Every structure is written in C-alpha cells, then in structure tokens.
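Predicted, not measured: the structure shown is a model, and the values here were computed from it. Indexing begins at 1, ligand by ligand and atom by atom, following the structure's order.
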Amino acid sequence: MTDTKVVKIVSENDPAFEWLGKIIKDGGLVSFPTETVYGLGANAFSDDAVRKIFEAKGRPGDNPLIVHISDISELCGIAEEVPDAAVKLFEAFSPGPLTIVLKKKDCLPESVTAGLSTVAVRIPSHPIARALISAAGVPIAAPSSNLSGRPSPTLAEHVIADMTGRVDAIIDGGACSVGVESTVVEIVGDGVNILRPGGITRSDIEKVLKNVTVDKHVTSEVKSGEVPKSPGMKYKHYAPDADVTVISGDKDKAAAKIRELIKENEGVPTGVMCYDGYAFDCESVLYMGEDNVKYAERLFGALRQFDTLGVKVVFAQFSEDDDYGLAVKNRLFKSAGGKVISV
Ligand code: TXA
Ligand code: MG
C-alpha cells in the first residue's frame, strides 16, 4: 500500500506542482484531471514507472498507453515521423481531446507501447494536466485513472475510490468537461481511421481531412481470432455492477419500451438513464441532459452512481441523433456488454 496524498488544485500556478512534477520525474504515479477523464500518470521515459501504472490499474500488459505532451514541439522526442495529416490534425484540434497514433521513437520503453512500433500521442488542454507535464519536464504516459474494467473517472471522488493506496498523489481538479476519453485516430495516407470516437467528432475531422473512416470495431465486438487495430478494443470496459441494457432508437419509442421493461422487472431494484423530459416509475432515474454532448459528460458518473444506489438492472435510453452520438454509443454499448434493444 502506498500512502496516497490528495491535493485540491484550482490554479495552474499552484506551488504544489513543484513536488507533483518531481513525483512523476522520479518514477512515481500521480492521478490528474484532463478535459476528458482523469489520467493516471507516470514518466513516459521510465520503464519502471510505466510498469507501476499497469500494476496499479490491473491493466493487461498488451494494452498500450497514451503519451501526453504539452506542446507540438515535444513530438520530436517521442515520434519518429509526423505525416502531414497528423500535423493538420494537431494544428486544428490540439490542445484538446484528440490522440494520434504515430511511429514511435526507440527511446520510449516497450512497456508504454506494449511492444508496438507505434505510440499514441495527445496534447491535453486542461490547465492542470498541462502544468503537471511542464513541472515534470518529461512526457507523461497516462491511461484513464480507473481500475481496469471500471468506468473511467470524471470526478476526483471516482479516482479516490479506485486508486487510494495505489498511487502517490491524486490531484482533485473538479469535474472533467468532455466526460468520455479522447478520440483516437491512426493516419492512413492523407486521411485517418477513427479507432475510438470521442470529444473530436467525425464531422470535426472531416472539416480538415477528406478521407475519414470509422474502424469496424468501434461499433462491433472483436471476435476471437481477429486482431483489432487498437488493443483496447478487445477488453470489456465501463462495466458497473448492475446489468445494463441499452434501448436505442427514437427517444419516445425507447421510453415506451423502457416502461414495459420496468413492469416486467417488478421487484428488482431498477435504474434508468434517460434524456431530460422523460419520467419513469422505478427506484432511480438519472437524467443525462437533452443531447449526447451532455450524455457524454454525465455517462461514467451515472454508471458509478448506479452502483452506490444498489440497483440491479439499468435501462439506458439512447438515440444516435447528433455528432456526439457515436462516442456515447461506443461506451454505452460496451457497458451493456452488447445487450441492445433497437426500437
Ligand atoms: O482521454 C484520454 O484519452 C484519456 C486521458 C487520460 O488522456 N486516456 C485514456 O487512456 O483514455 P486509456 O489507456 O484508457 O485508453 C487508451 C486507448 C486504448 O484503447 C489503447 O488500446 C489505445 O488507446 N492505444 C494506445 N496506444 C495505441 C497504439 N500505439 N495503437 C493503437 N491504439 C493505441
Ligand atoms: Mg481507459
């Protein structure tokens, strides 16, 4: 057990960054907020430090990490080549919730990239994340700061629940605004293939690059024998204790179906996740806002809240009717382990 210090930070000028940066530089672990979700950071150049991340999360060793830098000029320290398409994307969307897979430099330890020849790079926009990278003086390797398989943390209290005793420090920087993890893309010629949908949407990217595809495993399960483009695609994710079913399609029809299902499950503690303006007669109803931007922001917090409320089944109303729909769908369908009713 590590003695975990929790430190509340509101400004990027906080003097605490001096010792927090030193923890990273010296090989320790610090959980920190980003604009997407909280990250679990270590010195990306230290094999020992990076191995501690995998141990703290219980993460499979074949699932590579994202390396976080604070400026595009730091790319040359970790990436061997930066194709034109990547430069265009960084210029358009960084700092921000976009991760680009690039050919890696040899100086990165194999543990960071899980033995792959590529490295995933992101320049976060959250001032606390940026201040931590600057204070550390090294790129920070960081997955989401949850125990493997649990919903990603969007509040410090989620990190405290999962990581106390496993990391040296947790920075409490309040709520993450995007709520789902960054968009991950690989460069294909002069375009990209989206490996994980997130805060930067397909139509955002299409404003900058012509050829944009969405990898088939974003919306379908990885079957045995298939090798996914991104190792993270094959792992079960975001699972709360309750049994989740997604009711997907027209919002009103989905609500009607959920009312039927609540009746069928009488006697079982039931939770519903829904858009604003709908009412259901069950133990707990969590409102996800009026669109998928808000749904994304609240999704992981709601999945964790159902656990504390002790519900056994959850019905999630979902409609993929805006640009953010794909990011929400990807997380929601995984949390439901593929149990989706289309209406
Ligand atoms: O928003 C985010 O991206 C957050 C914050 C902390 O930055 N980080 C995050 O990391 O979500 P993680 O480890 O939970 O997810 C990283 C994803 C995984 O699905 C992993 O398989 C994929 O990125 N990935 C990492 N390196 C890769 C590579 N070289 N090639 C393909 N996929 C890669
Ligand atoms: Mg994760």
### Task
Report yes or no: does P231 have a heavy atom closer than 4.0 Å to ligand 1?
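Yes, that is the case, since the closest heavy atom of the residue is under 4.0 Å from the ligand.
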
### Distance-minimising heavy-atom pair for L147 and M163
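Minimum heavy-atom contact is N-CE, 3.7 Å.
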
Identity and distance of the protein heavy atom lying nearest [atom]:
atom                    : answer
atom 29 (N) of ligand 1 : T118 OG1, 3.0 Å
atom 14 (O) of ligand 1 : S144 OG, 3.0 Å
atom 19 (O) of ligand 1 : G232 CA, 3.4 Å
atom 25 (C) of ligand 1 : P64 O, 3.4 Å
atom 13 (O) of ligand 1 : R59 NH2, 2.9 Å
atom 22 (C) of ligand 1 : S230 OG, 3.2 Å
atom 7 (O) of ligand 1  : H68 NE2, 2.6 Å
atom 6 (C) of ligand 1  : G39 CA, 3.5 Å

### Task
Sort and list the pairs that fulfil salt bridge (Lys or Arg N to Asp or Glu O under 4.0 Å) and have at least one residue in residues 73-102, not counting sequence neighbours.
none

### Task
Identify which of E186, E181, R196 has a heavy atom lying nearest to atom 17 (C) of ligand 1.
R196

### Of R122, H126, R130, H68, the residue whose pairing with T34 passes side chain to side chain donor-acceptor pair (under 3.5 Å)
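Exactly one candidate clears the test, R122.
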
Using a distance-only test with no angle check, is there a side-chain donor-acceptor pair under 3.5 angstrom linking [X] and [Y]?
X    : Y    : answer
E181 : S144 : no
T201 : D204 : yes
D252 : Y278 : yes
T270 : N265 : no

What part of [X] sits under 4.0 Å from ligand 1 if we count only heavy atoms: the side chain, the backbone, both or neither?
X    : answer
N63  : side chain
K229 : backbone
R122 : side chain

### L261 CG to E266 CD distance, which is reported to the nearest 0.5 Å
13.5 Å

### Query
If you measure from OG1 on T183 to CZ on R202, what distance do you get to the nearest 0.5 Å?
12.5 Å

### Message
Taking the cut-offs as 6.0 angstrom to the six-membered ring centre and 45 degrees off its axis, would you call K251 and Y275 a cation-pi pair?
### Response
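Output yes; distance and angle both within limits.
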
### Query
Would you call R259-E264 a salt bridge at under 4.0 Å N-O?
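E264 and R259: not salt-bridged.
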
### Message
I'd like to know whether D71 forms a side chain to side chain donor-acceptor pair (under 3.5 Å) with S73, so could you lay out the CA-CA distance, the side-chain angles of the two residues, the decisive distance to 0.1 Å, and finally the verdict.
### Response
CA-CA 5 Å; D71 190 84; S73 62; 2.7 Å; yes

### Task
For I66, counting its heavy atoms only, list the atoms of ligand 1 lying under 4.0 Å from any of them.
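Ligand 1 atoms under the 4.0 Å threshold to I66: 3 (O), 8 (N), 9 (C), 10 (O), 16 (C).
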
### Task
Just jot down the ligand 1 atoms closer than 4.0 angstrom to any heavy atom of L116, in number order.
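Selected atoms, number and element: 28 (C), 29 (N), 30 (N).
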
### Message
So if I apply the side chain to side chain contact (heavy atoms under 4.5 Å, CB included) rule between V121 and each of L75, I66, V82, T99, which one comes out positive?
### Response
L75

### Task
Would you list the protein N, O or S atoms within less than 2.8 Å of the Mg ion (ligand 2), leaving out water?
S144 OG

### Query
Hey, quick one: are I258 and Y295 part of the same hydrophobic cluster, counting side-chain heavy atoms closer than 4.5 Å, chains of contacts allowed?
yes

### Query
So is there a nitrogen or oxygen of S182 less than 3.5 Å from a nitrogen or oxygen in ligand 1?
yes

